Amino acid sequence: MGDLLERENIEIKDLSGRWIAVDAFNTLYQFLSIIRQQDGTPLRDGSGRTTSHLSGILYRMTNLLEAGAKVAFVFDGDPPSFKRETLDQRAETRSRAEEMWERAKEEGLPGFKYAQASSRLGEEMIADSKRLLDAMGIPVVQAPSEGEAQAAFMAIRGDVDLVASQDYDALLFGAPKVVRNMAVTGKRKLPGKNVYVDVMPEVISLDKELSRLGIERRQLVEIGIMCGTDYNEGLRRVGPKTALKLIREHGDLERALMARCETIESAAEIRGLFLDPPVTDDYVIETKKPDAEKILRFLCDERDFSPERVDKAVKRLQEAVKVGQSTLDKWF
DNA sequence: CCTTGGTA
DNA sequence: TACCAAGGG
């Protein structure tokens, strides 16, 4: 999907004054897989509970709010039934990676990539994340099903300006603008290699891309389905370029498949899921003041964070919210 | 990922 | 001030 879409590079400060709906699961997985020690171990508290995601939330969100952005986290609800196979497959891949990591450790070989691939987002981590976000004054939205669908819905309604996710699925769900690489330091390690490259935050605008490609959203969804989504495998040897060509040639998915004498199971239902997903208007997004005491108690007393570091971040957070409010006062 | 502290 | 390596929990 990425090959097809043009992105506009931005800077974090361009997000000032903007509301961003963050795809929570996507972001937490990112933190979980990347925030690790050199040997691959995630950050953990004294009782062995993983804390990488909490570190990621605290520092990245503080930076983002300091830059003047407004943020809401959108959490996944129940996965659609079509996703079962994909989820089972991912679980399988994870446990194989776990085994590989164990073996690498036993043999003293580098196992960072296996450690990353074994990242699992447990219930307690989700609860901890929500608890920290709430203490930081960041609104938490519970999606009925897919978080990206809910985030896209919020953007379509104009309650947020952007959806933040590394995936392109939010676009298929209709998000007008998706921001990727929403990090501040702008450095990322290349997979496998020990090299850092500059990674800029980038925005993809749905309408702009649709008119540039000369297609409608329904057709973009169909291209996605031909390449493969979270809900289906996609056709052999068909990537974004070929899929675009096929959809342009035949107009829609059914005719493109007919012409190639191929089928995709539940294709119509999957398309329906992207075009009209389960979402809710039962959410509130408003900035609250961070509760310094709660953040410190939780992170330092219960999760063994360094009080000095957390205190510093909290001070910055409080200042950011104060500045944000006074800027707002100027406008109204 | 992000912060910190050393180095030039 | 800019860059790097190491450590965070």
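Hydrogens, waters and symmetry mates play no part in the numbers below; they use all other heavy atoms, side chains included. By convention in this document, chain letters (A, B, ...) are assigned in the order of the sequence lines, proteins followed by strands, and residues within each chain are numbered from 1. From a predicted model like this one, the values you see are computed outputs, not experimental measurements.
For A:E302, the side-chain hydrogen bond (donor to acceptor under 3.5 Å, both in side chains) criterion is met by A:R131, not counting sequence neighbours. Evaluation of the ring-ring contact (aromatic ring centres under 6.0 Å, His included) rule for A:Y231 yields A:F274 as partners, not counting sequence neighbours. The salt bridge (charged side-chain N to carboxylate O under 4.0 Å, His left out) check on A:K245 picks up nothing, with sequence neighbours excluded. Under the side-chain hydrogen bond (donor to acceptor under 3.5 Å, both in side chains) criterion, A:D45 pairs with A:R49, sequence neighbours left out. In this view, A:E202 and A:R7, A:R180 satisfy the salt bridge (charged side-chain N to carboxylate O under 4.0 Å, His left out) rule, not counting sequence neighbours. Looking at residues two or more places apart in sequence or on another chain, you find no ring-ring contact (aromatic ring centres under 6.0 Å, His included) involving A:F31. A:D252 pairs by the salt bridge (charged side-chain N to carboxylate O under 4.0 Å, His left out) definition with A:R255, not counting sequence neighbours. Partners of A:K83 under the salt bridge (charged side-chain N to carboxylate O under 4.0 Å, His left out) rule, at least two apart in sequence or in another chain, are A:E146, A:D230.
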Give every pair of a protein N or O atom and an N or O atom of nucleotides 3-5 of chain B that lie under 3.5 Å apart, one pair per line with the distance.
unit_1, atom_1, unit_2, atom_2, d
B:dT3, OP1, A:N63, OD1, 3.4
B:dT3, OP1, A:N63, ND2, 3.4
B:dT3, OP1, A:R316, NH1, 3.2
B:dT4, OP1, A:K312, NZ, 3.4
B:dT4, OP2, A:K312, NZ, 3.3

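In this structure, the CD atom of A:Q38 is 14 Å from the C1' atom of B:dC1, given to the nearest Å. Here B:dC2 presents its C1' atom at 12 Å from CE of A:M61, a figure rounded to the nearest Å. Between A:Q30 atom CD and B:dC2 atom P the separation is 10 Å, expressed in whole Å. For A:I35 and C:dG7, the CD1 to C1' distance is 13 Å, given to the nearest whole Å. Taking atom CG on A:L43 and atom P on B:dC1, their separation rounds to 14 Å, with Å as the unit. A:R36 has its CZ atom 18 Å from the C1' atom of C:dA6, to the nearest Å. One can place CG of A:D39 at 13 Å from C1' of C:dG8, the figure rounded to the nearest angstrom. Straight-line distance from the CZ atom of A:R44 to the P atom of C:dG7: 18 Å, rounded to whole Å.
For the segment residues 8-17 of chain A, the set of residues with a heavy atom within less than 4.0 Å of an atom of DNA chain C is empty. Within a heavy-atom distance below 4.0 Å of DNA chain C, the residues of residues 287-305 of chain A found are A:R303, A:D304, A:F305.
A:V74 and A:Y29 fall into different hydrophobic clusters, where Ile, Leu, Val, Met, Phe, Trp and Tyr residues are linked whenever their side-chain heavy atoms come under 4.5 Å apart, directly or through other members.
Taking all atoms of both residues into account, the shortest heavy-atom contact from A:L4 to A:R212 is O-NH2, 2.9 Å.
Among the atoms of the strands shown, only primed sugar atoms or phosphate atoms (P, OP1, OP2) are found under 4.0 Å from some heavy atom of A:S306.
Among residue pairs with one or both ends in residues 257-282 of chain A, those qualifying as side chain to side chain donor-acceptor pair (under 3.5 Å) are A:E222-A:R271, A:E254-A:R271, A:R260-A:E262; sequence neighbours excluded.
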